[in-house]
Amino acid sequence: MEATKKHLIFDLDDTLWDFQQNSHDTLLDLFDAYRIGDQGIEVARFIEVFREINNALWDRFDEGLITREVIRKERFPAVFEKLDIHLNGVAMQMQDSFMSTCSAKSTLVKGVKEVLTKFSSTYKFHILSNGFDEIQSIKIKAGGLEPYFDKVITSGRAGFRKPEPEIFDFALNEIGAHKEDCIMIGDNPFSDIEGAFKYGIDQVYYNVHKKACKITPTHIIDDMSELMKIL
Ligand SMILES: [Mg+2]
């Protein structure tokens, strides 16, 4: 990459902090704690249905159709309904356990630690996340990311969310950088990549979910270690 890029702006969930793995591990914990197996449900099926419902809700959130509150209220009841699980009144309790247990998990996306270690003296690292300070800071600490990052900008604090240009403005203002000095690295083709593209900063699309991107990103990687070749 040309030497002018001084600031690497990372998305958090599934770009740095492995939401897929951490939520999988959390669902295993919940499956045991709430004895879901006693309802005749296989653990793999429980996780599969949660993913289906959770992903569909997050897609609707990304399109601006529902709020985060709706996701939190609806996902476990929807999982229970789909699997015909009868645990009266437990869905909201499970939701609370899911949130507190998951954010305290520490698994990072494969290759992230190597990239951070290798380039920490070359670039400044920042996080730009559609999330809330409180929850995201727990994940950042749990994952041991804190020492590497300069600014952490969340939609909760900015009052805007990716792909809205205002949140990129907010971030660059806080970082104190120009567009041409920054690159956005993220796994969401819409909020991270299209958002950064439309705002006018270069992008690295971490294409882990194999989702089509409407624009042609500056770079596409399948593995975080490929970032080593770009930087
Ligand atoms: Mg993400």
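Positions are given from 1, in the same order as the sequence printed here. Just follow the structure's listing: the first ligand is 1, and inside any ligand the first atom is 1.
- The Mg ion (ligand 1) is closest to atom O of D13 (considering only N, O or S atoms).
- Under the 3.5 Å distance criterion, the side-chain polar atoms of H7 are left unmatched by any main-chain donor or acceptor of D181.
- Ring planes of F149 and F125: tilted class, angle from 30 to 60°.
- Put simply, the side chain of H86 reaches to within 4.5 Å of the side chain of D84, judged on heavy atoms.
- Distances from the Mg ion (ligand 1) show that D11 has an N/O/S atom below 2.8 Å.
- Between K198 and E194 a salt bridge is recorded (basic side-chain N to carboxylate O distance below 4.0 Å).
- The Mg ion (ligand 1) lies under 2.8 Å from an N, O or S atom belonging to D187.
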